[in-house]
Amino acid sequence: MILSGHARLAGVIGYPVAHSRSPRLHGTWLERHGIDGAYLPLAVAPDDFAACVAALAKMGFAGANVTIPHKEAAFAVCDRVADSARRAGAVNTLVFTPTGIEGANTDGSGFLANLRAHGVNPAAGPALVLGAGGAARAIATALQDAGAVVTLCNRSPERAAALAREF
Ligand SMILES: NC(=O)c1ccc[n+]([C@@H]2O[C@H](COP(=O)([O-])OP(=O)(O)OC[C@H]3O[C@@H](n4cnc5c(N)ncnc54)[C@H](OP(=O)(O)O)[C@@H]3O)[C@@H](O)[C@H]2O)c1
């Protein structure tokens with residue numbers, strides 16, 4: 001592992017975060033490509049989220065990924081959000097820039113990329129999305145944008161109905 005005083009720092013913010021495979025995943029790529037940097041698990045309680053994000057930016061972190069339960073709070077701390085995040089109502093990627101915090105959501109595009117990598121055209125047929133939480137919202141948005149007719153199915157039907165109304 002290369003870690004100099006100039007190392008680029010990033011991590012995944014969650015609560016809990018110990019189950020996340022992201023540090024191992026990104027750590028492998030940093031090592032494989034000889035990148036001077038580190039990717040850390042960052043356990044942050046909901047009440048501390050905004051203060052910790054501001055501190056990370058001040059400490060020179062390049063950015064952070066955001067997982068449960070912070071994706072909507074992450075949206076709120078951004079100075080600018082990409083269309084992917086605006087439509088999903090949630091942010092899973094924060095980039096700290098000299099002019100503020102930029103937010104994006106890669107849950108939907110990542111899901112579509114995986115479908116395509118397995119030879120599935122998302123527009124080819126109807127799609128059934130199980131769930132109506134943050135991940136389901138991002139994926140349903142991406143599927144609809146790709147041209148699929150989306151059906152939502154959720155344990156709490158009223159939540160699925162509310163999401164369907166938004167679409
Ligand atoms: N890129 C990725 O691989 C990726 C990205 C995002 C999320 N995820 C994973 O996807 C999962 C969901 O994340 P999220 O952000 O969408 O969470 P969330 O917003 O909390 O939504 C959770 C969903 O699961 C349903 N659910 C929870 N417990 C259930 C149960 N016992 N029986 C049936 N349904 C149940 C909820 O239904 P109700 O509405 O009825 O509560 C809701 O639809 C997590 O495991 C997360 O780590 C993976």
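Between Arg86 and Val81, the shortest heavy-atom contact is NH2-O, 3.2 Å. Here the shortest heavy-atom pairing between Leu3 and Ala38 reads CD1-CB, 3.9 Å. Listed here is the closest heavy atom pair of Ala132 and Asn154: N-OD1, 3.2 Å. Of all heavy-atom pairs between Pro46 and Pro69, the closest is CG-CG, 4.1 Å. Across all their heavy atoms, Arg116 and Pro122 have their closest contact at NH2-CG, 3.7 Å. Contact detail for Ser109 and Thr106: the closest heavy-atom pair is OG-O, 3.4 Å.
The backbone N or O of Ile101 lies less than 3.5 Å from a partner atom in the side chain of Asp79, making a donor-acceptor pair. Checking side-chain atoms of Asp107 against main-chain N and O of Ala138 turns up no donor-acceptor pair under 3.5 Å. Counting only distance, with no hydrogens or angles, the side chain of Ser84 and the backbone of Ala104 share no donor-acceptor pair below 3.5 Å.
Once rounded to the nearest 0.5 Å, the distance linking CG of Asn121 with CG of Leu112 reads 10.0 Å. Distance check: Leu42 CG to Leu56 CG gives 6.0 Å after rounding to the nearest 0.5 Å. Rounding to the nearest 0.5 angstrom, the gap separating the OG1 atom in Thr28 from the NE2 atom in His33 is 10.0 Å.
The ring-ring contact (aromatic ring centres under 6.0 Å, His included) pairs that include a residue from residues 111-167 number zero, where partners must be two or more places apart or lie in different chains.
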_Show, in sequence, the C-alpha distance, side-chain angles and deciding distance for His26 and Asn65, and conclude whether the side chain to side chain contact (heavy atoms under 4.5 Å, CB included) test is met._
CA-CA 11 Å; His26 293 288; Asn65 291 121; 4.0 Å; yes
*Which is it for Lys71 and Arg137 under the side chain to side chain contact (heavy atoms under 4.5 Å, CB included) test, yes or no, and what are the steps along the way?*
CA-CA 12 Å; Lys71 290 184 185 182; Arg137 175 185 289 267; over 6 Å; no
*asked:* Between Thr99 and Arg80, does the side chain to side chain contact (heavy atoms under 4.5 Å, CB included) criterion hold? Intermediate values first, please.
replied: CA-CA 10 Å; Thr99 56; Arg80 293 178 296 280; 3.0 Å; yes
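Contact of the Val53 side chain with the His70 side chain is not registered, since no non-hydrogen atoms from C-beta on lie closer than 4.5 Å. Side-chain contact between Leu128 and Cys153 is present, with heavy atoms from C-beta onward closer than 4.5 Å. Residues Tyr39 and Leu25 fail the side-chain proximity criterion, which asks for heavy atoms closer than 4.5 Å.
Placement of Ile139 and Phe75 in two distinct hydrophobic clusters is found when ILVMFWY residues are connected by side-chain heavy-atom separations under 4.5 Å, directly or transitively. There is no path of hydrophobic side-chain contacts, each under 4.5 Å, that joins Val95 to Phe49. Val149 is not connected to Leu130 by any chain of hydrophobic side-chain contacts under 4.5 Å among Ile, Leu, Val, Met, Phe, Trp and Tyr, and they are in different clusters. Hydrophobic clustering places Val44 together with Leu40 (ILVMFWY residues linked when any side-chain heavy atoms are closer than 4.5 Å, directly or through intermediates).
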Review item, side-chain donor-acceptor pairs of residues 7-20, under 3.5 Å, at least two apart:
from  : atom 1 : to    : atom 2 : distance (Å)
Ser20 : OG     : Ser22 : N      : 3.1
Ser20 : OG     : Ser22 : OG     : 3.4

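In this structure, Phe96 has no ring-ring contact (aromatic ring centres under 6.0 Å, His included) partners at least two apart in sequence or on a different chain.
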